[in-house]
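For reference, the structure discussed in these notes is given below.
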Amino acid sequence: QPTAKCCLDTFNAEYHLQRVIAGIDAREPKRWPLALYSWIQAGRIADFEREMCALADIVIAVSPEDADLLRPFRADGRIHILPSAISVDDYTGDVQPAALGSNALVFTGKMDYRPNVDAALWLVNEILPLIRQRVPDTTITLVGQQPSPRLDSLRTLGGVTITGRVESVVPYLRGAAVYVAPLRMGSGTRLKLLEAMAAGSPIVATTTAATGLMPDAKSAMLIADGAQAFADAVTDILLSPEKRALMVQVGKTAVRAHYDWSATAPAL
């Protein structure tokens, strides 16, 4: 079909993600081989993404940040932006919350994906001890399929649960006192944040995790970088039911307005 038009819909700017992963892994000498692998992959993927962007008649990115990263790959510089979306109603039904405790933190995602593994280890090893200085009974539940062997060391720690695959994340999102997204690497838009907002979870996220979200969606969560700042943000929510209730309401409004399929499909 030589006259057919081709639309390239990009989930993220993958070459940039690999560069960020390489930078994070380079901080640990034992992970230098993986850092080198990611750095080499970044160049190869950039070549591939450049070729695909040039081939397509139209290119769509999920965020302004990704559009900026892909724009040099287009001769006309045109990258259209259309946010990722979910079916909000799937997360708002009458679902019984999981019994996780009154100060439960929840993090979801595919648990063999390197950015999620890095986030989980950082959360448990560096952030959780700081939170427990003020809220001693804080727990963490890591929800997601195929947990990496790198997470095995967390299984013996008190108050840390690794679920593996679950039928639905909604009960866990409903049972969370705070949904946390301590991602230090990544690109695109995190669907997990949209799911948490739709389910009524207050959110603490890093700048990296919140990249690409609309301003009013970002305003519905606390954004913090660094272990101490992240711990302080989580603790503030745990100790303030009023703040939690306000964040939940703002989040539900923002996700329905901008990230439900009913809002994005007409734009597409």
Side-chain angles (χ1 to χ4, degrees), residues 7-26 35 38-39 41-56 58-86 107-110 113-116 118-119 122 179-198 203-226 229-230 233 250-251 254-255 257-261 263-265 267-268:
C7 172
L8 173 62
D9 186 8
T10 62
F11 181 73
N12 59 14
E14 185 68 23
Y15 81 93
H16 177 70
L17 171 59
Q18 290 297 323
R19 286 180 182 173
V20 174
I21 291 175
I24 295 290
D25 282 342
S38 292
W39 185 257
Q41 283 291 87
R44 297 176 63 202
I45 293 170
D47 290 342
F48 178 76
E49 289 181 314
R50 182 179 295 107
E51 181 180 355
M52 292 300 100
C53 286
L55 176 68
I58 181 175
V59 179
I60 298 174
V62 298
S63 72
E65 291 87 347
D66 279 6
D68 288 342
L69 291 166
L70 296 172
R71 191 166 287 114
F73 297 166
R74 291 281 293 178
D76 59 9
R78 294 189 69 194
I79 304 289
H80 299 269
I81 300 170
L82 187 71
S84 298
I86 62 172
F107 176 53
T108 60
K110 197 166 180 289
Y113 180 50
R114 285 168 70 189
N116 289 341
D118 174 80
W122 186 49
Y179 182 87
V180 290
L183 292 161
R184 300 190 290 182
M185 53 181 78
S187 66
T189 301
R190 255 55 61 184
L191 291 174
K192 56 176 60 108
L193 295 182
L194 307 182
E195 294 171 341
M197 280 191 281
I203 299 170
V204 177
T206 59
T207 299
T208 295
T211 295
L213 293 177
M214 297 285 188
D216 54 347
K218 288 184 179 180
S219 71
M221 62 187 70
L222 297 185
I223 299 176
D225 298 303
F230 201 96
V250 173
V255 73
H258 298 294
Y259 298 103
D260 186 71
W261 285 114
T264 60
L268 176 61

Nearest 0.5 Å please: distance from the [atom1] atom of [X] over to the [atom2] atom of [Y].
{"X": "R190", "Y": "L183", "atom1": "CZ", "atom2": "CG", "result": "6.0 Å"}
{"X": "E195", "Y": "T108", "atom1": "CD", "atom2": "OG1", "result": "6.0 Å"}
{"X": "I21", "Y": "R184", "atom1": "CD1", "atom2": "CZ", "result": "12.0 Å"}
{"X": "L82", "Y": "D9", "atom1": "CG", "atom2": "CG", "result": "7.0 Å"}
{"X": "K192", "Y": "Y179", "atom1": "NZ", "atom2": "OH", "result": "5.0 Å"}
{"X": "D260", "Y": "L194", "atom1": "CG", "atom2": "CG", "result": "10.5 Å"}

Partner set under side-chain contact (heavy atoms from CB on, under 4.5 Å) for [X], not counting sequence neighbours:
{"X": "A198", "result": "I86, V88, Y91, V255"}
{"X": "E65", "result": "S63, T211, K218"}
{"X": "A67", "result": "A61, R71, I79, I81"}
{"X": "D225", "result": "T206, T207"}

Residue pair [X] / [Y]: nearest heavy atoms and the distance that separates them:
{"X": "A257", "Y": "A263", "answer": "O-CB, 3.5 Å"}
{"X": "Y259", "Y": "A254", "answer": "CD1-O, 4.2 Å"}
{"X": "A85", "Y": "L191", "answer": "O-CD2, 3.9 Å"}
{"X": "V180", "Y": "F107", "answer": "O-CD1, 3.1 Å"}
{"X": "M197", "Y": "A220", "answer": "SD-CB, 4.4 Å"}
{"X": "A233", "Y": "L222", "answer": "O-CD1, 3.6 Å"}

Problem - Selection residues 64-84 - residue pairs positive for ring pair (Phe, Tyr, Trp, His ring centres under 6.0 Å), sequence neighbours left out - result: Y15-F73
Exercise for the section: Test D66 against T10 for side-chain contact (heavy atoms from CB on, under 4.5 Å), laying out the working first. Expected result: CA-CA 9 Å; D66 279 6; T10 62; 5.6 Å; no
Return the set of residues passing salt bridge (charged side-chain N to carboxylate O under 4.0 Å, His left out) with [X] (not counting sequence neighbours), or none when no residue passes.
{"X": "R19", "result": "none"}
{"X": "D25", "result": "R31, R114"}
{"X": "R74", "result": "D76"}

Practice task
Could you pull out all residues at least two apart from D47 that satisfy side chain to side chain donor-acceptor pair (under 3.5 Å)?
Solution key: R50
Exercise for the section: Assess whether atom CH2 of W39 is packed by more than 12 heavy atoms of other residues, nucleotides or ligands within 6.0 Å. Expected result: no
Practice task
For the pair E49 (side chain) and A13 (backbone), establish whether a donor and an acceptor sit closer than 3.5 Å, ignoring hydrogens and angles.
Solution key: no
Handout entry: Pairwise side-chain contact, P83 with M214, heavy-atom cut-off 4.5 Å (strictly under)
Key = yes
